[in-house]
Amino acid sequence: MRFSVRHETIYRYTAPVRLGDHLLRLTPRPEYIDLDIHELLVEPAPLAREQDADGFGNPVTRLGFDAETQELRISSRFEGKARSWPAALPNLPPLPWADPSMNEYLGAGEDCAVQAFAHAIADRAGKRADQFLTLLTQDLHGRIDRYIRPDGDAQDAARTLELESGACRDVAALFMAACRSLGLPARFVSGYQAFSDAADGKRHLHAWPEVWLPGDGWRGYDPTHGTAITGGYVALAAAPNQAATMPVVGGYWGEGVSSTLEYRLRIEAG
């Protein structure tokens with residue numbers, strides 16, 4: 001699938017500020033797309049710029065600034081061919097699993113209500129991991145009232161389960177917690193989805209979970225839309241938690257100054 005993205009992020013400040021160092025996660029992960037074009041423009045121009053990868057394999061851009069500004073504008077553009085994954089899964093051992101080598105992706109213990117929810121779905125699935133992942137994806141899609149929340153961290157998984165409502169990042173976090181309750185390593189992914197049914201008619205960054213499957217690697221699921229990921233997605237960052245996937249991280253100095261955030265996103269796929 002051909003994939004084209006134009007993503008502009010604009011921070012405006014009520015008075016001139018000094019920008020601190022910034023870290024950008026706006027370069028697609030290479031396992032998701034073969035890039036033909038990629039541009040990342042920053043205004044004001046940074047004093048220092050370095051391409052790197054973080055500890056989770058995410059491409060990152062590190063920026064340093066030296067001048068005052070009242071606006072920071074970050075424009076990302078890329079085009080390429082997005083990867084597709086086969087729908088079939090390998091033969092998997094019955095649940096629950098135990099793999100201490102993946103502890104970083106197993107969390108630190110989940111809420112009792114989330115555990116009960118996960119085990120109930122596993123029972124319905126006959127302890128089959130493939131059926132569990134399908135049922136969990138479908139159950140969350142049908143259960144959770146989804147809405148757009150432009151800022152804020154993912155809410156606690158137990159809270160999303162209790163409220164039965166949340167943004168895509170909340171649904172992803174609940175999916176991860178349910179998987180981790182049964183020993184399935186899971187990580188949080190932030191990126192772009194080719195086709196969207198957002199209520200406001202606009203395009204937004206999307207979040208979904210991935211699960212590590214022995215003999216297959218990371219496989220993505222989109223409980224917000226009730227489907228396994230076989231194509232039409234491009235990840236910017238993947239990590240054990242949402243905080244390590246934020247697309248822009250940085251700060252500024254300015255006494256009594258406040259800021260606003262505006263973004264524009266255009267995605268074309270086909």
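This is a predicted model, so every value here is computed, not measured. Along the sequence shown, residues are numbered consecutively beginning with 1.
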Reported [atom1]-to-[atom2] distance for the pair [X] and [Y], which is rounded to 0.5 angstrom:
{"X": "Thr137", "Y": "Asp222", "atom1": "OG1", "atom2": "CG", "value": "8.5 Å"}
{"X": "Ser76", "Y": "Glu39", "atom1": "OG", "atom2": "CD", "value": "9.0 Å"}
{"X": "Gln193", "Y": "Ile267", "atom1": "CD", "atom2": "CD1", "value": "8.0 Å"}
{"X": "Leu184", "Y": "Glu210", "atom1": "CG", "atom2": "CD", "value": "13.5 Å"}
{"X": "Thr9", "Y": "Leu205", "atom1": "OG1", "atom2": "CG", "value": "7.5 Å"}
{"X": "Glu71", "Y": "Thr69", "atom1": "CD", "atom2": "OG1", "value": "7.0 Å"}

Please report the shortest heavy-atom distance between [X] and [Y], naming the atom on each side.
{"X": "Ala194", "Y": "Phe3", "answer": "CB-CE1, 3.7 Å"}
{"X": "His38", "Y": "Pro28", "answer": "NE2-CD, 4.2 Å"}
{"X": "Arg49", "Y": "Leu63", "answer": "CG-CD2, 3.8 Å"}
{"X": "Ala239", "Y": "Arg187", "answer": "O-CB, 3.3 Å"}
{"X": "Arg203", "Y": "Leu265", "answer": "CB-O, 3.5 Å"}
{"X": "Trp85", "Y": "Ile229", "answer": "CB-O, 4.1 Å"}

Does [X] pair with [Y] as a salt bridge, N-O distance under 4.0 Å?
{"X": "Glu31", "Y": "Arg83", "value": "no"}
{"X": "Asp36", "Y": "Arg2", "value": "yes"}
{"X": "Glu8", "Y": "Arg6", "value": "no"}

Using a 4.5 Å cut-off on heavy atoms from C-beta on, say whether the side chain of [Y] contacts that of [X].
{"X": "Leu24", "Y": "Pro247", "value": "no"}
{"X": "Phe65", "Y": "Leu47", "value": "no"}
{"X": "His119", "Y": "Leu182", "value": "yes"}
{"X": "Pro240", "Y": "Met102", "value": "no"}
{"X": "Val234", "Y": "Phe78", "value": "yes"}
{"X": "Phe175", "Y": "Trp208", "value": "no"}
{"X": "Val189", "Y": "Trp218", "value": "no"}
{"X": "Phe117", "Y": "Leu136", "value": "yes"}

Is there a path of hydrophobic side-chain contacts, each under 4.5 Å between heavy atoms of I/L/V/M/F/W/Y residues, joining [Y] to [X]?
{"X": "Ile121", "Y": "Met176", "answer": "no"}
{"X": "Val171", "Y": "Tyr147", "answer": "no"}
{"X": "Leu135", "Y": "Leu92", "answer": "yes"}
{"X": "Phe188", "Y": "Leu161", "answer": "no"}
{"X": "Leu40", "Y": "Leu72", "answer": "yes"}

| field | Derivation of the side-chain contact (heavy atoms from CB on, under 4.5 Å) call for Ile37 and Arg77 | value | CA-CA 8 Å; Ile37 298 172; Arg77 179 176 79 96; 3.6 Å; yes

For the backbone of [Y] and the side chain of [X], can you confirm whether one donor and one acceptor N or O come within less than 3.5 Å of each other?
{"X": "Glu43", "Y": "Ala45", "result": "no"}
{"X": "Thr14", "Y": "Ser258", "result": "yes"}
{"X": "Asn58", "Y": "Ala238", "result": "yes"}
{"X": "His225", "Y": "Pro223", "result": "no"}
{"X": "Arg266", "Y": "Arg264", "result": "no"}
{"X": "Tyr13", "Y": "Gly254", "result": "no"}
{"X": "Arg180", "Y": "Ala186", "result": "yes"}
{"X": "Arg25", "Y": "Met246", "result": "yes"}
{"X": "Arg169", "Y": "Ser190", "result": "no"}
{"X": "Asp170", "Y": "Gln155", "result": "yes"}

| task | Take Val248 and Tyr11, measure what side-chain contact (heavy atoms from CB on, under 4.5 Å) needs, and give me the verdict at the end. | result | CA-CA 11 Å; Val248 181; Tyr11 292 91; 3.7 Å; yes

| request: Please state whether the rings of His206 and Tyr233 are parallel, tilted or perpendicular, taking 30° and 60° as the class boundaries. | output: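 Tilted: the ring planes of His206 and Tyr233 meet at 30° to 60°.
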
| task | Please say whether more than 12 non-hydrogen atoms of neighbouring residues, nucleotides or ligands are located less than 6.0 Å from CG in Asp52. | result |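 Yes, CG of Asp52 has more than 12 neighbouring heavy atoms, counting only those of other groups under 6.0 Å.
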
| request: Using the ring pair (Phe, Tyr, Trp, His ring centres under 6.0 Å) rule, take Trp212 and Tyr105 through it: C-alpha gap first, then chi angles, then the decisive distance, then the call. | output: CA-CA 9 Å; Trp212 177 264; Tyr105 296 95; 8.6 Å; no

| Verdict with supporting geometry, Arg124 and Gln131, side-chain contact (heavy atoms from CB on, under 4.5 Å) | CA-CA 9 Å; Arg124 287 166 50 203; Gln131 288 298 311; over 6 Å; no

| Do the ring centers of His7 and Tyr192 come within less than 6.0 Å of each other? |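 So the answer is yes for these two rings.
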
